[in-house]
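To start, the structure itself, in structure tokens.
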Amino acid sequence: MKDILRAIGNVFLKMPKGFFVTLRHFFKKPVTLDYPRKKKPMTPRYKGRHYLERYDDGTERCVCCGLCAAACPSDCIYMEPAENEKGERYAKIYEINQIRCIYCGFCEEACPEEAIFLGQEYEFSNSDLDSFIMTKDKMLVPHPRKENPFKKMFRRMRKAYGVLDK
Amino acid sequence: MNLDTIIFIVSALVAVSGATMMISLRNPVLSVMSMILSLVAQAVLYIQLGALFVGAVLIIVYSGAIMVLFLFVIMLLNLRGSEDLGRQSSPIKMSTKILFSLMLFVEFVFVIKVGFFKGDIPLGVMSQTTDNFGSVESVAELLFTNYLYPFELTSVLLLSAIVGAVVMSKRDAAETKTDESAVAVKDSDSKEQVVES
Amino acid sequence: MLEMIIISSIKVIIVVIAVLTGCAYSTYMERKVVGHMQHRIGPSYAGPFGLLQPLADGVKLIFKEEIIPDNIEKTTYLLAPAISFIPAILTFAVIPFGKDTSFFGFDIPMVLSDLNIGILFVFAVTSLGIYGIVLAGWSSTSKYSMMGAIRSSAQMISYEVGYGLSIIGVILIANTLSLRELIELQMGPLWGTITFLPNWYIFSQPLGFILFLTCAIAETNRSPFDMAEAESELVAGYHTEYSSMKFSMFFIGEYANMIAVSSVGATLFFGGWHGPFLESFPMLSVFYFVAKVIMFMFFYIWLRATFPRFRYDQLMNFGWKVLFPLALLNTMVTAYFVIL
Amino acid sequence: MITVTAYVIVAAVLFIIGALGVLISRNLIVMFMSVELMLNAANLCLIAFSRALNVMDGHAIVFLVLTVAAAEVAVGLGMVINLYRNKETINIDRYNLLKW
């Protein structure tokens, strides 16, 4: 008898509540996206794949100082310096092991030339291990760059203290 | 050789071969399955004889409840074909048993031939049936008029079966209640439903 | 005679194809609806809105490798999917899915076979479906399958009673077992007096309807009574060891069972194909019927998305201590009013 | 045209198979099912006679027999389980305590 009364109570008092909850959520906008077709816009400071920057005249910013490699906690940056005909240093080889990289962004902060920065892309999966080594030609591609507000601030500060860009 | 005859021959063959498989297969689950096959074929025979309602009830009660219970017990005891069923009994015993069965069969045929062919029951022909022959209404009418006392008595029988099953499958008070006791009760209840419906 | 055979065969083919398509698309519906209830979007990649997803699934299942484990009982293992699949399809033989219409001069009854014991047939056939599950579980010789089979048979024994008793009320009122007559009785205004409501039996048998729904869900092994395949406890229950087309046959069987039970529910309690404007457009009746079945299917899915699975002993208790007495009470009260 | 005799003979064959099953089977459960089969054979006979005489009484009796069979199964399977608990076997030859 107690069971029956409780069951009746549940059917008329508690179950509609549960049904109502799911029905309400049924009409809400889903939080997931139709992923491969629609992608979630990342936040401006999201740290995705690496890019190397050029100056406006097309020369590479990187001078192969090694600060990024020194700052890297996972030790994933390898570089070999060389000099061009003008006597300026540049990186002959600049490689980042994407599998080791933890995407902390320390290289970006350490770089005095603002040559390296981490972009928005995050789809790295591949079936070929070699393709995870980011070489210079992969990183030197043109890319949509959104200026990091903090970077902007730092640049102004550097200007103020006389550390000038080229 | 019209459609009726074909249906009769096929279902009779299925019923008999299912029954034979039932007693000859070693694996109890396969036995149960062939019994179900036989029962379904028998239900077809019922329906061919105009007993629609009883045929449906046969499937619901037997195939739907009783045989499930058999299967449940087999699974509960975890019997497989490998269960040791002892030595083969001696050929003399075996042949005696088969002989007795055959004698019984001969006797049946004799009875059918001699006893019933006198004409009391028109076995040779299928008489024309009334409109509601085998319908639910006519069965119910009989059950609640002429057969009211047997009907009430079966309910008492079912009650005693419930009590019996509970008592039998109940273990000592110290032991906890098990699935078996619960199921035995359930089974007898499920039969009661058929009576009421 | 020949005409009749041809028409019947065409009807059978159409119904079977419709049921199989319905099964395929109820998987799609289930994934979409449950997805939205969980703030996801469900399948969306194959075709527009993922509408070709069932097709893709079917192709995938057909071409998958068929794995047959070693230590199984071969005969029953191979037989089980068919046994669970065929009774589910057979149920549709007696379900009327539309108002009788005439095409090209032929009067076509929109039911495959109008038995005068239609409901009993449905019950007889659905009660056979359990063997597929039990045999599958038993013959796989896997402990998960075995557990699923034992649970399923015990669940079946305890729910069959309530299932049978819950529709007695309707039968008492209608005084017939033929599904076609049941639908005809549900036409017209409610109890002959209330004109704005149809005379559906859900209004005269609300308790019976709730009991029927509960038992039907248990009968088809659906959540929250899906202990036979409780995926979080028993891997996949009775069909753990099945793969490829055999697995999909279980799947289709389950969904066909759901559709069958939904059709029976729609016929018994919601007036079957009955609806407005049938005089001028008789084909609308099929649409009404399908709409009612879809409502039931939606409820099934809604329930699955809402409630957690029952525990084994809870279910047994519920079946015997709640559903059974309530069904008896319903029968008694209905009988009292019918005699009055 | 099939006659009622044909049905009765099928029923007789089924009954004999049931009887044979009870006699030669050593599996308790199969024996039990054989008994059910014999009941069913009798039912088939009743239905056939009912058809031959065009009366419904046979159907009513079959209905009652079905209930009796159901009650029998409920008690009988309880007995089988109890027996199995005692001896861990369903071989009927092992239950020979009362044999002299």
(message) Quick check on B:L71 against chain C: is it the side chain, the backbone, both or neither that has a heavy atom closer than 4.5 Å?
(response) side chain

(message) Can you tell me how far apart CG (C:L135) and CG (B:L30) are? Round to the nearest 0.5 Å.
(response) 8.5 Å

(request) Identify the heavy atoms of C:I117 and B:A56 that sit nearest to each other, and give their distance. (result) CD1-CB, 3.8 Å

(message) Show every side chain to side chain donor-acceptor pair (under 3.5 Å) that has at least one partner inside residues 57-66 of chain B, sequence neighbours left out.
(response) B:Y62-D:E36

(message) Please find the pair of heavy atoms, one from C:A154 and one from B:F72, that lie closest to each other, and give the distance.
(response) CB-CE1, 3.8 Å

(message) Does C:F310 have more than 12 heavy atoms from other residues, nucleotides or ligands lying within 6.0 Å of its CZ?
(response) yes

(message) Please report the interatomic distance CG(B:L52) to CG(C:L177), rounded to the nearest 0.5 Å.
(response) 10.5 Å

(message) For B:M33, which atoms come within 4.5 Å of any heavy atom of chain C: side chain, backbone, both, or neither?
(response) side chain

(message) To the nearest 0.5 Å, what is the distance between OG on C:S152 and CE on B:M75?
(response) 9.0 Å

(request) For chain B, find which of C:I171, C:N175, C:V125, C:V134 contributes the most heavy-atom pairs closer than 4.5 angstrom. (result) C:V134

Distance-only donor-acceptor pairs under 3.5 Å for side chains of residues 74-88 of chain C, two or more places apart:
| from | atom 1 | to | atom 2 | distance (Å) |
| --- | --- | --- | --- | --- |
| C:T76 | OG1 | C:E73 | O | 3.2 |
| C:Y77 | OH | C:E241 | O | 2.8 |
| C:S84 | OG | C:P81 | O | 3.1 |

(request) Output the distance between atom CG (C:L128) and atom CD1 (B:I59), rounded to the nearest 0.5 Å. (result) 6.0 Å

